[in-house]
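To start, the structure under review is shown below, and the notes come after it.
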There are 2 protein chains.
Amino acid sequence: MVLVNQAIAEFRRVLTDKYVQVDAASLEPYGWCTIPLERSISAVLLPESVEQIVEIVQIANSHQVSLYPISTGRNWGYGSALPVRNDNVIVDLGRMNRIIEVHSDLAYAVVEPGVTQGQLYAYLREKKISLSLNPTGAGPNCSILGNALERGFGIGPNGDHFQAQCGMEVVLADGEVLRTGFGHYAGAKATYLYKWGLGPYLDGIFTQSNFGIVTKIGVWLMPTPEAFEVCYITCNSEHQLGPLIEGVRKLIASNTFQGPMNLLHRKRALIMLDRYPWDAMANQTPLDETLVADLASQKKIGMWNGVGAICGSTSQVRAAKQTIRKILRDKADRITFLSDRKLQILRRFPRASGLLLKMNMSEVLKALEGSFGMLKGIPSQMALPLAYWRNRANPSLESEINPAKDRCGLMWFAPVIPMTLEDVSAFRNIIDPIFREYRFEVCITLTAINGRCFDATIPLLYDRTEPEEVRRAQACYDTLVRACRLHGYIPYRLGIQSMLEETTTQDVFWRVVQKLKSALDPNGILAPGRYAP
Amino acid sequence: MVLVNQAIAEFRRVLTDKYVQVDAASLEPYGWCTIPLERSISAVLLPESVEQIVEIVQIANSHQVSLYPISTGRNWGYGSALPVRNDNVIVDLGRMNRIIEVHSDLAYAVVEPGVTQGQLYAYLREKKISLSLNPTGAGPNCSILGNALERGFGIGPNGDHFQAQCGMEVVLADGEVLRTGFGHYAGAKATYLYKWGLGPYLDGIFTQSNFGIVTKIGVWLMPTPEAFEVCYITCNSEHQLGPLIEGVRKLIASNTFQGPMNLLHRKRALIMLDRYPWDAMANQTPLDETLVADLASQKKIGMWNGVGAICGSTSQVRAAKQTIRKILRDKADRITFLSDRKLQILRRFPRASGLLLKMNMSEVLKALEGSFGMLKGIPSQMALPLAYWRNRANPSLESEINPAKDRCGLMWFAPVIPMTLEDVSAFRNIIDPIFREYRFEVCITLTAINGRCFDATIPLLYDRTEPEEVRRAQACYDTLVRACRLHGYIPYRLGIQSMLEETTTQDVFWRVVQKLKSALDPNGILAPGRYAP
């Protein structure tokens, strides 16, 4: 503690008092988390430059202080801004929010950690640059860099955010500033254009790790295509899932969908549109399947609901639509394509289109506009309300939805499943009884991250204010992770509550990770425990 | 030397005498190289299993012997099988040539280092599996794993071979066996389906490096599409290059070409079809531009010649062709599409089609069939004869073309150039005078490895039997690398002759590489000097 105090005095010298926060009120927001965890946080530092970060790591080394860097701390359901261990000094990089460069012809941006999805979107619009980003569902205030380092994803073009990252600047624990790819050669011309550089490809070791503080990345953007449509697929029965999976695999193999696409189970669609019907359920959990069917039918939600982007020239989009119709014709109940023009018509004539399509257009429009916009690159909060599913407090959703502040109960569980019915069924047969036993809803989305596997993202939603439910949620989560690991379904990403158990040094892999960590950060000052034994 | 002898005795115990070679005749082929270098090689080991490799690294550690692993040693123009330094023991992994698994639905193969392109192609055909690989130009006997680790590429789907690699098994210097991605979790289901795994993504550090001996990789293959055509683009003037580059950028951004595509300069096309006309040039070098123009015109080669694959459903391929025609209409002199059916007709009626197309069909057919086949996934030797361009000995090209054995003079220079006319011109303005000064031909291919940059692959071709020309070639190569580095055009891959100069520890990046190396291989037994300071 004496050492921490000495370090803090030195941090103040570098950052001034204003940007070294130790009072409870300032620290409080960093403790908000949708996972039932609490951490004692020693201080928060708010640097504004690489030079300051270099000084910070040097001070931390000399006083053996643990630093926990965050970009914007909106890692909802995986830990938000919360350190993995106690007594860390959070390094909040939110003030470093410069968009360093946008190249309109070569379609990339270079951003600092604090640059948010909403900020880049606004920048591109304001400067009338015909490029779009691929947002994740974490909302407009989520960091682009942070999500890429966590290897998060969106759907549509450039949807795998680490794949779309090219070129990094990293402050290492010893204060050296590393530039990856070609970036370390003075005047290199292709730093943000060619991912691998020359020699060992290092970027990967700075993702889902605690090896350095990444202060800059290049991000690939999509040039606005001549034509863009979103494809919505509805299957009303579970029996259609097998053929649907096979169809999707074929369509991705043939590049019909541009980037990842989603298959949402009806319960997942439901929780994005509604709250837990505590009254109708007489306060019982989990949600009754008959009620699920009723609600889904009211809202015209299918059993499985596909959504993906198609783009290219006008004739290519026309051909893609033909191909989708041909391949999914006998597999889906409804295939709908939405373009900007069609959306305008729906907006202008909601009553007429509602009657025509036999839908309640105000509800449908809201959902359509959100998903269409996200696929077109408009960051939105549409995926955040699901965190409030079992939140009884009915908080007024503020202009920025903050599920952690609102004490929502959300833990993401996101294993990778081979793209076959056999595997998806085996996986569901493992998790369904566990969710039932612990009385939570299985709200599954299968994201076809490539043509070979799904990222199954499943929110474990619970009432954070009920201690008994909290304990049940924790036990459910742990049981899920272990059972799925035992059957070979491994998560693509971890919440901070799993990092210790999932990184055992019994495993060669994590021993190697430990060796690399020691080589780069011998005192272990950076994010101890984060994706590390 | 005493230590080496002791080690060799122990190697014999593990491998038997037969697979530990020390006699000059056995070592000779490993010394063949198209780069003017010679190395003393201590011995060659030929293990057949991971277990043997584990014992080999343990022996090497205890005797401080340097090991130099190769897959099939066909790294033409970058060093072939030749170690970077003297007195290494080559570990030839060619006997480990099992195709462990091919999954026809999920479209991947798992291969050992000795599995060649030709072998996997034959396997897929024999088993009637509707998948194709993406070959590199190094010929049917080139290792798939070796090329992926060097981050080589082909054109067409899955053309970036490191990008198409998923899951690794690596024997580390201390004898531990590391499985990357999800592979280290027992029974993991998505090891070969999802690249990044969980925690730090490590595969990258085992490419273009000396951090481990990779003994297995997963490789993504392409499911046979409904329709497949190859697009050939001809531009007869240098003035068309700018618009052509812009068109290609648009076409790749819209996913019209499936995977990388090539723009070949006429001199590059020429050297693939012909030998240096020593007589017509009265033994002078470099080749006269008037003669180049004559030869190109005889062979109907354009100034710039594009080739790329389009595939998908029949309607998608039709739309892609429309899009290519629309975008390149006013930029190219000729756009031709070749399908299996069209190729059959040309084969059946060569005279009629020759008259119709005003071409010498026997020449054209040979070139077309080769490139069409490569893009369809048929490994071929078609790109190898270029190595013989200045080879006066006129060797009979054997059933396996081996440019190193035939003492061809070839050094690849392959910098990455942003996909703009400005950069391509700036780059050519640097290299053209250097090639002219040293009297060699600039035979450039621009491979659009993605929609943002070209890998410019340029063979420096020289007569390996003329000491003066050899010295000139070396000086030319060094001058090229330095001049281009100075202007920010960095190679994507190095020949062994450049590894020392290009990996200086003045540079933070290479210091970090050195730290990681020491962490994994403290005695430095693995491939000393390979992509390392």
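Below, read A as the first sequence line, B as the second, and so on, with proteins coming before strands; counting in each chain starts at 1.
Proximity to chain A involves both the backbone and the side chain of B:Asp105, based on heavy atoms less than 4.5 angstrom apart. Looking at B:Ile327, there are no atoms closer than 4.5 Å to chain A (heavy atoms on both sides), in backbone or side chain. Of the atoms belonging to B:Val177, it is backbone heavy atoms, and not side-chain ones, that fall under 4.5 Å from chain A. Neither the backbone nor the side chain of A:Glu246 comes within contact range of chain B; no heavy atoms are under 4.5 Å apart. There is no contact between B:Phe206 and chain A, counting heavy-atom distances below 4.5 Å. Heavy atoms closer than 4.5 Å to chain B are found in the side chain of A:Asp455, but not in its backbone. Heavy atoms closer than 4.5 Å to chain A are found in the side chain of B:Lys326, but not in its backbone. For chain A, the nearby parts of B:Trp220 are the backbone and the side chain; heavy atoms of each come within less than 4.5 Å. Residue B:Glu150: no heavy atom, backbone or side chain, is found under 4.5 Å from chain A. With a 4.5 Å cut-off on non-hydrogen atoms, B:Leu221 touches chain A through its backbone but not through its side chain. Contact of B:Val513 with chain A is made through the side chain alone, with heavy-atom distances under 4.5 Å.
Between the side chains of A:Trp196 and B:Asp160, at least one donor N or O lies within less than 3.5 Å of an accepting N or O.
Judged purely by atom type and a 3.5 angstrom limit, B:Lys189 uses its side chain to pair as donor or acceptor with the backbone of A:His487. Judged purely by atom type and a 3.5 angstrom limit, B:Arg151 uses its side chain to pair as donor or acceptor with the backbone of A:Gly197.
Of the listed residues (B:Tyr108, B:Trp510, B:Phe211), the one with the most heavy-atom contacts under 4.5 Å to chain A is B:Trp510. When the candidates A:Arg493, A:Arg318, A:Gln208 are compared by the number of heavy-atom contacts under 4.5 Å with chain B, A:Gln208 comes out ahead. When B:Leu251, B:Thr207, B:Thr314 are compared by the number of non-hydrogen pairs under 4.5 Å with chain A, B:Thr207 comes out ahead. Between chain B and the options A:Ser254, A:Ser315, A:Ala186, A:Cys311, heavy-atom pairs under 4.5 Å are most frequent for A:Ser315. Contact count against chain A (heavy-atom pairs under 4.5 Å) is highest for B:Gly204 among B:Pro415, B:Gly204, B:Ser313. The choice from A:Pro157, A:Gly187, A:Ala253, A:Gly451 that makes the most heavy-atom pairs within less than 4.5 Å of chain B is A:Gly187. Counting heavy-atom pairs closer than 4.5 Å to chain B, the top-ranked of the candidates A:Pro200, A:Ala532, A:Pro225 is A:Pro200. Across B:Tyr489, B:Tyr531, B:Phe162, the residue that shares the most heavy-atom pairs under 4.5 angstrom with chain A is B:Phe162. Taking A:Asn210, A:Thr180, A:Asn450 one by one and counting their heavy-atom pairs under 4.5 Å with chain B, the maximum is reached by A:Asn450. For the options B:Cys453, B:Gly312, B:Ser209, heavy-atom pairs under 4.5 Å to chain A are most numerous at B:Cys453.
B:Val512 has its side chain out of reach of A:His184: every pair of non-hydrogen atoms, C-beta onward, lies at least 4.5 Å apart. Put simply, the side chain of B:Pro418 reaches to within 4.5 Å of the side chain of A:Leu106, judged on heavy atoms. Residues B:Lys515 and A:Glu176 have side chains not in contact (no heavy-atom distance under 4.5 Å, counting atoms from C-beta outward). Between B:Gln258 and A:Asn255 the shortest side-chain heavy-atom distance falls below 4.5 Å. In this structure the side chain of B:Thr256 reaches within 4.5 angstrom of the side chain of A:Gln316, judged on heavy atoms. The closest side-chain heavy-atom distance from A:Val508 to B:Arg179 is not below 4.5 Å. Two residues are said to be in side-chain contact when any heavy atoms from C-beta on lie closer than 4.5 Å; A:Pro491 and B:Phe182 fail this criterion. Side-chain contact between A:Leu198 and B:Phe509 is absent, with no heavy atoms from C-beta onward closer than 4.5 Å.
Separation of atoms CG (B:Asp174) and CZ (A:Arg511) is listed at 8.5 Å; rounding is to 0.5 Å. Taken from NE2 in B:His103 to CZ in A:Arg452, the straight-line distance is 11.0 Å, to the nearest 0.5 Å. Here CG of B:Asp507 is found 6.0 Å from OH of A:Tyr185. Values are rounded to the nearest 0.5 Å. We find the CG-CD1 distance between B:Leu193 and A:Ile417 to be 10.5 Å, quoted to the nearest 0.5 Å. Atom CG of B:Leu516 sits about 5.0 Å away from atom CD1 of A:Ile205, to the nearest 0.5 Å.
By the 6.0 Å contact criterion, CG on B:Leu500 is open, its count of non-hydrogen atoms from other residues, nucleotides or ligands being 12 or less.
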